[in-house]
J.: 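My questions all concern the structure below.
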Amino acid sequence: MKAFIAGLIIASSFNSVLLAQPYAFITNQGDDTVSVIDTHSDEVIKTLTVASGPAGVAVNITGSTCFISSPDAATISVIDSQTLSVSHTFTSGSGPLGIAISSDDKHLYVVDWYEGMLRIYNSEDYQLLHEIKVGKSPAGIVTHPNGQSLYVANRDDDSLSVIDLTKFKVVNTIKLGHKPFGLALSYSGKWLFSANVGSDSVSVIDTVTLHEVIQLQTGSSPYAVTTSIDDKHLIVSNQKDDSISLFDIGSWQARGRIAVGTFPEGLSAHPDGKRLYVSSWFDNEVYVLDTVEFKLIKRIATGNGSRAFGRFIR
Amino acid sequence: MKVTFILLLSILSVTTESFAHGPSRQKVVEKIVINAPIEKVWDSVKNFQNMNWHPAVMSTEGEGGNSIGAKRTLTLGPGATIVESLEKYIPAQHKFFYRIIDVDTAVIPINNYSSWFKLNETSEGHTEITWQGAFYRGYMNNNPPENLNDKAAIAAVTSIYVSGLSELKKILEE
């Protein structure tokens with residue numbers, strides 16, 4: 001009996017850990033808010049007002065903090081995941097858009113759309129540490145899991161800047177498809193993907209050789225890319241096709257498309273390995289997709305113009 | 001020297017200031033219910049090569065019919081044209097998706113415009129038209145002049161939608 005009770009206590013405390021599901025932070029560019037979705041209930045539990053026109057988002061590795069870029073206001077808002085409140089707001093350049101966090105949570109990376117600049121901040125006191133010139137209209141940014149490289153998609157240069165994070169400089173610039181916007185890396189770090197809005201394709205780059213191994217045809221105007229947690233699938237949001245494309249990583253076979261609402265944009269995989277969250281800019285919603293069955297399982301109403309550009313779930 | 005320096009400083013601050021706001025994509029959704037069956041409404045709007053039902057459109061010329069990639073040029077007045085292409089055409093669902101591939105911002109103060117034109121049957125057997133567009137303002141850099149800002153772009157698209165939809169209602173309910 002005692003053992004049974006002890007077992008129950010262990011089971012219930014284990015359960016409560018399991019139930020502590022991460023939040024999804026959705027930037028709503030049209031109404032200056034962030035919708036916080038509890039991924040356990042898949043409901044919006046809070047709506048936070050931030051600086052004008054929030055677009056980019058980056059949740060840190062531990063999930064304690066979420067950073068939001070507002071290109072219109074030229075600021076970064078810092079959200080405390082515990083209190084679900086904006087704890088700080090600071091100015092960044094002229095139009096901060098793509099935003100990401102270092103693999104040790106210490107640095108925040110922000111690219112400026114107008115200035116073609118990468119800015120590196122201390123993620124705790126928000127001090128500006130480095131400014132590195134990249135290409136024209138930089139959008140997506142992503143860090144290599146080894147912490148040594150950072151990649152920037154330069155939309156109006158059709159290029160990728162490779163930044164060495166030990167030297168804090170651009171060490172390589174390579175060609176991508178036309179108008180690359182969103183970027184993603186496989187969890188292994190082996191593959192880099194860019195969503196090329198202008199050529200309706202995804203460039204697949206080998207991160208060791210920095211060669212494009214294949215360019216995959218997607219739906220119209222791909223915006224963001226991500227991979228499933230197990231690195232088996234590549235997932236692409238097709239802005240003007242109102243769909244999500246799926247490919248097998250490695251064989252690069254297309255697995256088909258899932259129809260969603262109008263202007264699907266931001267994408268993040270859930271750590272449970274089964275769900276994918278997609279924001280819809282036009283329909284002001286977030287879709288929850290089952291990535292095992294490849295189907296839409298829930299629609300969640302958010303705010304006006306949900307973009308959620310970046311890693312919005314950890 | 002001092003004067004030059006001060007001038008330079010003021011130029012720098014103007015430059016910084018002019019980068020204070022970036023263009024965000026805008027959207028407009030307009031709906032109208034027409035007291036007519038859906039097939040009747042669809043018949044009057046389904047031909048991509050004829051948008052003359054719109055009071056602002058004087059003539060439509062184009063090629064490709066209702067095929068994907070079809071083009072049309074709408075003439076609104078002397079020298080005022082809009083070139084559009086058909087991206088999706090789904091007659092079974094009474095809807096199509098198109099974009100503007102060429103327009104002068106003096107004609108409509110917008111950039112990178114795309115739109116769905118959709119019909120739905122209401123529970124009363126009437127037809128609801130939804131016309132929705134996504135676009136950027138006419139001036140793509142910062143600090144736009146008033147006639148090319150977000151507000152002007154939204155006002156222009158709204159006015160096109162409202163006038164077109166009310167004209168359709170008038171024609172189809174006669």
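Side chains included, hydrogens not; waters and symmetry mates left out as well; all remaining heavy atoms used. Quick note on labels: first sequence line is chain A, next is B, and so on, each numbered from 1.
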J.: Measure distances from S221(A) to the heavy atoms of chain B and classify the residue's part below 4.5 Å as side chain, backbone, both or neither.
T.: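 Contact with chain B is through the side chain of S221(A) alone.
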
J.: Could you go step by step and tell me if S220(A) and R99(B) meet the side-chain contact (heavy atoms from CB on, under 4.5 Å) rule?
T.: CA-CA 12 Å; S220(A) 181; R99(B) 53 178 138 180; 3.4 Å; yes

J.: Do R307(A) and R25(B) make a side-chain contact, defined as non-hydrogen atoms from C-beta onward lying under 4.5 Å apart?
T.: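 In contact.
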
J.: Need one label for S70(A): side chain, backbone, both or neither, based on atoms under 4.5 Å from any heavy atom in chain B.
T.: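 Contact with chain B involves no heavy atom of S70(A) at all.
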
J.: W281(A) and A134(B): which non-hydrogen atoms are nearest, and at how many Å?
T.: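 Minimum heavy-atom contact is CZ3-CB, 3.5 Å.
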
J.: Within a radius of less than 6.0 Å around CD of E131(A), do more than 12 heavy atoms belonging to other residues, nucleotides or ligands occur?
T.: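 Buried by this count: over 12 neighbours within 6.0 Å.
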
J.: For chain B, find which of D241(A), L97(A), T262(A) contributes the most heavy-atom pairs closer than 4.5 angstrom.
T.: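 Option with the greatest count: D241(A).
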
J.: Would you indicate whether K133(A), at its atom NZ, is surrounded by more than 12 heavy atoms from other residues, nucleotides or ligands within a distance under 6.0 Å?
T.: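 Above 12, so yes.
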
J.: So F282(A) and V29(B), side-chain contact (heavy atoms from CB on, under 4.5 Å) or not? Walk me through it.
T.: CA-CA 10 Å; F282(A) 206 102; V29(B) 183; 3.3 Å; yes

J.: Heavy-atom cut-off 4.5 Å, strictly under: side chain, backbone, both or neither for Q132(B) against chain A?
T.: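 Both backbone and side chain.
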
J.: Under the 3.5 angstrom rule, does the side chain of K240(A) hit a backbone N or O of E87(B) as a donor-acceptor pair?
T.: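 Not confirmed, K240(A) side chain does not pair with E87(B) backbone.
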
J.: In the structure I gave you, are the side-chain heavy atoms of D283(A) and K27(B) within less than 4.5 Å of one another anywhere?
T.: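 No, too far: nothing below the 4.5 Å cut-off.
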
J.: Would the number of heavy atoms belonging to other residues, nucleotides or ligands and lying under 6.0 Å from CD of E146(B) be above 12?
T.: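 Count not over threshold, so no.
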
J.: For K298(A), is the NZ atom crowded, meaning more than 12 foreign heavy atoms sit under 6.0 Å from it?
T.: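 It does: K298(A) NZ has more than 12 such atoms within range.
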
J.: Take a 6.0 Å sphere around CD of E61(B) and say whether it holds more than 12 heavy atoms from other residues, nucleotides or ligands.
T.: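 12 or below, so no.
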
J.: Answer yes or no: does atom NZ of K151(B) have more than 12 heavy-atom neighbours from other residues, nucleotides or ligands under 6.0 Å?
T.: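 No, NZ of K151(B) has 12 or fewer neighbouring heavy atoms, counting only those of other groups under 6.0 Å.
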
